[in-house]
Structures are given as structure tokens and as C-alpha cells.
2 protein chains.
Amino acid sequence: MLRVSKLTDYATVILTHIAHQPDELHAASDITQATDVALPTVSKVLKLLSKANILNSHRGSKGGYLLTRTPKDVHVAEIITAIEGPIAMTECTTHTGACEQESSCEIKGNWNLINRAVYMALEAVTLADMVAPVRQQAVMVNMPLKTQTNDLKVEN
Amino acid sequence: MLRVSKLTDYATVILTHIAHQPDELHAASDITQATDVALPTVSKVLKLLSKANILNSHRGSKGGYLLTRTPKDVHVAEIITAIEGPIAMTECTTHTGACEQESSCEIKGNWNLINRAVYMALEAVTLADMVAPVRQQAVMVNMPLKTQTNDLKVEN
DNA sequence: TTATATAGGACTATTTTAGTACTATATAAG
DNA sequence: CTTATATAGTACTAAAATAGTCCTATATAA
């Protein structure tokens with residue numbers, strides 16, 4: 001299925017809400033009302049987004065959360081990473097030594113290639129796109145081989 | 001993390017092995033030996049790939065599995081779909097009615113856009129690429145807005 | 001000083017995934 | 001036609017990941 005977690009989904013909903021009024025502070029309780037996501041869950045998501053420097057937080061009375069930058073500069077890849085950690089399709093591409101077959105594995109490099117492609121797809125869409133659905137589309141193109149070799153740089 | 005399941009990972013390993021000798025029948029027991037994946041697991045994966053028409057099966061003595069087509073025509077997207085079902089990042093994009101906020105959801109269409117981008121990334125890599133690591137790379141490009149409008153066709 | 005709001009971490013329940021086992025069916029070979 | 005071998009299909013169990021909740025600490029405005 002290649003799913004994004006529910007929390008990540010909530011994160012996009014919450015960020016979309018905040019992005020509508022980018023200059024105001026949004027308290028967790030307000031966001032709960034607006035999004036129908038349970039308060040503890042909203043709170044959890046906001047903390048993660050804050051930690052990832054997508055939101056700034058203000059404590060105390062009249063506190064809340066605020067975007068650290070314009071929605072155009074917040075990429076979907078970043079949101080996913082904030083909630084779920086680094087985007088990597090297979091264990092071996094994040095944790096060295098996680099797989100016993102690692103040394104003899106032929107396809108690790110190819111998974112890295114796939115990771116890259118997926119990551120670029122996710123980086124092409126921003127929070128701004130989520131807020132005001134622009135009919136912009138990311139499209140795959142096969143580049144000439146030779147010119148790309150350096151780009152691959154697959155760690156071994 | 002945006003993971004592919006372990007079974008999918010096994011599937012790529014198994015298919016890579018088979019693709020090395022595309023004209024021979026490969027029994028589950030042989031593949032176990034070659035890949036160090038447990039027999040019941042190999043068996044499970046092979047059945048799924050067979051059901052998805054990526055492999056042909058031959059029963060009985062001297063039976064086994066065979067690719068249905070050349071490795072160049074087997075896309076990674078298809079392998080993932082065979083093991084995990086349709087590629088969709090969020091629940092709402094596969095199952096209508098799964099989300100209560102569906103009717104008022106602003107970002108569903110955008111998830112469809114993201115799905116599309118990811119799918120294209122995964123379709124750009126084939127089993128042939130996995131077998132003989134070609135230094136080919138898929139790259140994202142932002143297309144002009146107007147020309148793409150028809151392509152989106154986001155169901156509501 | 002008090003009310004309010006976030007920070008951080010721990011914990012539990014649920015769901016998903018991985019892995020295994022069992023029975024049925026098809027085929028090649030003696 | 002019988003037997004050995006291999007896949008088909010399904011059901012079940014165990015393990016891991018995720019979701020969701022709660023509690024205590026800290027910061028800030030009034």
C-alpha cells in the first residue's frame with residue numbers, strides 16, 4: 001500500500017489549517033475544533049512539527065503555534081520526515097547492518113535510486129500547493145545516463 | 001518512514017534472482033537456497049507475484065516459476081502493488097467513505113497529486129534496472145501549469 | 001499568583017505485518 | 001496408475017509498529 005501514517009495525514013490537515021492564517025498564533029485547542037482531530041493527537045503532531053522546525057511555538061497564556069516560514073517553502077517530504085523520520089523505502093538504506101545479506105546484496109543501490117525518485121516527487125509539492133490547489137504537476141523524466149552518474153553517489 | 005514492507009523487499013530480491021536466468025524454471029526450494037529467505041516466506045511471495053501475473057507457475061514435479069515477460073517490462077510500482085495492494089499514500093484515496101471529514105476535506109485532491117508523482121517515480125524503475133544496475137535516474141520536473149490541467153482529473 | 005498553553009516522556013491498546021502450517025490440486029516419471 | 005514433487009489457497013499465530021492517551025514540568029500573560 002505504501003502508506004503514510006495517520007499522524008502524517010493529520011499533520012497535513014493541521015498545517016493546511018494554520019497556513020490559511022499564517023500570521024496568527026494557533027493554539028492546539030483551536031486546531032482541535034477546526035479539524036475534528038482529538039486534542040491529545042493534535043498536540044502530539046504539533047510538538048513533532050515544532051521539533052522539526054516547521055512550526056514555532058509560544059508557551060504560556062495566549063500561546064500557540066506559528067509557521068516558521070511561508071507555506072511555499074514547506075515541502076511535503078519535510079512534513080513526512082518530521083512525523084515519521086527519514087524517508088527510506090527499505091531498512092538497509094537507513095540502518096547499516098540491519099540486513100544479514102547486506103554485503104552480498106545487489107539491489108541496495110537500486111533502492112537508493114528509488115528512494116531518491118520518491119523523495120524528489122515528495123519535495124515537489126509544498127504546503128502552499130495544499131492550501132490553494134494549484135494545478136501544478138510533477139512529472140518524471142528519464143535523464144541521459146552519463147550526465148547523471150555523479151549524482152547517484154550510492155554509499156556502500 | 002514511508003516504508004515498503006519486508007515482503008516487498010523479498011519480492012525484489014527473489015525477482016532479481018529469477019531475472020538472472022529468465023528462461024529457466026525456478027522452484028521455491030531453489031530460491032530459498034539462493035536468497036536465504038525462509039521457504040514458507042519465499043512461497044508466499046511467489047504466490048502473490050504469480051497471482052499478479054508477474055510470474056507464471058508450473059505445478060508438479062519439475063515445476064516452478066518463470067517471468068511472464070522481460071525484466072524491462074516489470075516495473076517496481078507493479079511489484080509493490082502485487083505484494084501490498086494499490087499504491088496510495090492515504091486511506092481516503094483508495095477507500096471512499098473511510099474518512100469522516102471526506103466531504104469537507106480540502107487536501108484530498110492534493111494527496112492524489114502526490115500519489116501520482118510517487119507512482120510515476122516507482123514506474124520509472126524496472127526489474128531490468130535492478131538486475132544490471134544501470135546508472136539511469138528519474139528526475140522531477142515542474143511542468144507549466146496550464147498544460148497539465150487535464151492530466152489531473154482528480155475524482156471527488 | 002493564577003490561569004493557560006506548550007515540552008517531554010511514558011504507557012496502553014489497537015492494528016498491521018510477518019511468518020508458519022495445513023489441505024487441496026496439478027504434473028512428471030517410473 | 002501410482003508416487004513423488006511442486007504449487008494453490010486459506011487460515012492461524014506471534015511479533016512489531018502505530019495510534020492514541022495521560023501525566024508532570026515549564027514558560028508566559030494578566
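Naming: A, B, ... by sequence-line order, numbering from 1 per chain. Hydrogens, waters and symmetry mates are skipped; everything else that's a heavy atom, side chains included, is used.
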In whole angstrom, give the distance that lies between atom [atom1] of [X] and atom [atom2] of [N].
X       : N      : atom1 : atom2 : value
A:His58 : C:dA3  : NE2   : P     : 24 Å
A:Ile83 : D:dG20 : CD1   : C1'   : 14 Å
B:Arg3  : C:dT16 : CZ    : P     : 18 Å
A:Ile54 : C:dT6  : CD1   : C1'   : 17 Å
B:Leu25 : C:dA26 : CG    : P     : 18 Å
A:Leu7  : D:dA17 : CG    : C1'   : 12 Å
B:Ile14 : C:dA18 : CD1   : P     : 13 Å
A:Lys47 : D:dT24 : NZ    : C1'   : 11 Å

Minimum-distance nucleotide (side-chain atoms of [X] versus [options]):
X       : options               : value
A:Thr41 : D:dT28, D:dG20, D:dA8 : D:dG20
B:Lys62 : C:dA29, D:dA8, D:dT21 : C:dA29
A:Tyr65 : D:dT21, D:dT28, C:dA7 : C:dA7

Flag the pair A:Arg3 and B:Glu91 as a salt bridge only when some basic side-chain nitrogen lies within less than 4.0 angstrom of an acidic carboxylate oxygen.
-> yes

Under 4.0 Å between a Lys/Arg side-chain N and an Asp/Glu carboxylate O for B:Glu78 and B:Arg69?
-> yes

Output, in order, the C-alpha distance, side-chain angles, deciding distance and verdict of side-chain contact (heavy atoms from CB on, under 4.5 Å) for B:Asn56 and B:Ser50.
-> CA-CA 6 Å; B:Asn56 273 334; B:Ser50 176; over 6 Å; no

Starting at the 5' end of DNA chain C, which residue's closest nucleotide do you reach first, A:Lys51 or A:Gly64?
-> A:Gly64

Could you check if a side-chain atom of A:Thr12 sits within less than 4.5 angstrom of a side-chain atom of A:Val4, using non-hydrogen atoms only?
-> no

Among [options], which residue satisfies the side chain to side chain contact (heavy atoms under 4.5 Å, CB included) criterion with [X]?
X       : options                     : result
B:Val74 : B:Ile79, B:Asp129, B:Thr126 : B:Ile79
A:Ile14 : A:Asp9, A:Val45, A:Thr41    : A:Val45
A:Val42 : A:Thr32, A:Asp36, A:Asp30   : A:Thr32

Does B:Ser50 place a side-chain N or O at less than 4.0 Å from the phosphate oxygens OP1/OP2 of D:dA8?
-> yes

B:Ser5 vs C:dA18: side-chain N/O to OP1/OP2 distance below 4.0 Å = yes

Comparing nearest nucleotides in DNA chain D, the 5'-proximal residue of the pair A:Tyr10, B:Gly60 is B:Gly60

Take B:Ser43 and A:Lys44, find for each the nucleotide of DNA chain D with the closest heavy atom, and name the residue whose nucleotide sits nearer the 5' end.
-> B:Ser43

Using a heavy-atom cut-off of under 4.0 Å over every strand shown, decide if A:Ser29 touches base, sugar-phosphate, or nothing.
-> nothing

Classify the nucleic acid contact of A:Leu46 as base, sugar-phosphate or nothing, counting any heavy atom under 4.0 Å across all strands shown.
-> nothing

Between B:Lys47 and B:Tyr65, does a side-chain contact (heavy atoms from CB on, under 4.5 Å) hold up when you go through it step by step?
-> CA-CA 9 Å; B:Lys47 286 171 195 170; B:Tyr65 294 88; 4.2 Å; yes

Examine the base of D:dT28 for any acceptor or donor lying under 3.5 Å from a partner atom in the side chain of A:Arg59, and report the outcome as yes or no.
-> no

With Watson-Crick and G-U wobble geometry limited to distances under 3.5 Å, how should the secondary structure of DNA chain D be encoded in dot-bracket form, using | for bases paired to another strand and [ ] for crossing pairs?
-> ||||||||||||||||||||||||||||||

